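Notes follow once the structure below has been shown.
Source: prediction; values computed, not measured. Counting convention: from 1, in listed order, for ligands and their atoms alike.
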Amino acid sequence: MTVKEPGNSFKLNCLRPQEGWRQEGCSVPPALCEYWFGDMDHSYCLDCICNPSRKRPSSKVKKQGKNFFGVPAFLTVSAQLHLEVMSGAFTQVFTFGPTFRAENSQSRRHLAEFYMVEAEMSFVESLQDIMQVMETLFKSTTEAVLSNCPEDVELLHKFIAPGQKDKLEQMLKNKFLIISYTEAVEILKKASQNFTFTPKWGVDLQTEHEKYLVEYCGNIPVFVINYPFDLKPFYMRDNEDEPQHTVAAVDLLVPGVGELFGGSLREERFHLLQQRLARLGLTDTYQWYLDLRRFGSVPHGGFGMGFERYLQCILGVHNIKDVIPFPRFSHSCLL
Ligand SMILES: NC(=O)C[C@H](N)C(=O)O
């Protein structure tokens, strides 16, 4: 392994297919499964990669020929909607599979193809319940990785991210913090730091904002909850509050990476979902989703966690392209 000065810009090509990847990269999926099957009693669902409709423009990674399926098909951006169907039958479900996003980004945190762990739980009525599962998933998986391959994690920490071990310990031993989106914007407005994007209620948090918030919170992972209604997708549950109208959404921001998990309570109320889809002109596309509510639904919610970002977070690897053997990103699909 070639070791360069910490802080320099380097590629971990040597690590990708060798020990680091095999030990950490490969020990995470079993650790995740152990958590879901063992402690949580979730059912594993395989999801499909080709879907007939797209939820957001970023799913346009590749448009399949119309003739093959008879309808235009797109690569999946999330298994969530299918997991919602399955959670109606099996109560608690999860999946772990490839996900595609056509973000035109060269950033150190984005890939066009990545893996996501997604979970959906029925009879969940508060964000608190979802955050509890996110926090235990993060902590128990990390503890399993640390106890299954301590030497390899130590080696990576020593040469790639000195100080990461202490940071990880802080994350594991402290309770994650919770702030609302509105509080987050207030904190950012009061910051002495000049941001490239001026923080403003109703506008998405940028990477620089997420970084500031995590540092402000003492480098402990922080849940940001209740985002503006107009910023979020149609399936998130309306908090029906005013004057600042929000939905029951939650993102978990972690040191060094920013957003690691995203989730929400889902809108299970037929009339509210129907109005929202109609306003967005999506009624026909999501008729099947609406039917899930039409014929009876239960309060439910879930989340997704980016697998490669999780590896970045626990190992302290700066660039996401260094935790995956064959990274795909805009204008790059090599090998
Ligand atoms: N399953 C989830 O809640 C993940 C969410 N659909 C996302 O795309 O981030």
When you compare the side chains of Glu118 and Ser78, does any donor N or O come within less than 3.5 Å of an acceptor on the partner?
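The criterion, which ignores hydrogens and geometry beyond distance, is satisfied for Ser78 and Glu118.
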Using a strict 4.0 Å threshold on nitrogen-to-oxygen distance, state whether Glu308 and Arg109 make a salt bridge.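 No, no charged N to carboxylate O under 4.0 Å.
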Just say parallel, tilted or perpendicular for the rings of His245 and Phe229, cut-offs at 30° and 60°.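 Ring orientation, 0 to 90° scale: parallel.
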Relative to each other, are the rings of Tyr289 and Tyr286 parallel, tilted or perpendicular (30° and 60° limits)?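 Correct class here is perpendicular.
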Could you see which bit of [X] sits under 4.0 Å from ligand 1, with heavy atoms only: side chain, backbone, both or neither?
X      : result
Arg101 : side chain
Arg266 : side chain
Tyr235 : side chain

**Asked** Relative to the heavy atoms of Phe303, which atoms of ligand 1 are at a distance of less than 4.0 Å?
**Response**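 Listed by number with element: 1 (N), 2 (C), 3 (O).
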Check your understanding: What are the atoms of ligand 1, with element, lying closer than 4.0 Å to any heavy atom of Gly304?
Key ->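 Listed by number with element, the hits are 1 (N), 2 (C), 3 (O), 4 (C).
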Subject >> Output field: ring centroids Phe307/Phe114 closer than 6.0 Å >> reply: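 Centroid separation for Phe307 and Phe114: 6.0 Å or greater.
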### Query
Does any N or O atom in Glu120 lie less than 3.5 angstrom from one in ligand 1, N or O only?
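N/O-N/O distance under 3.5 Å: no.
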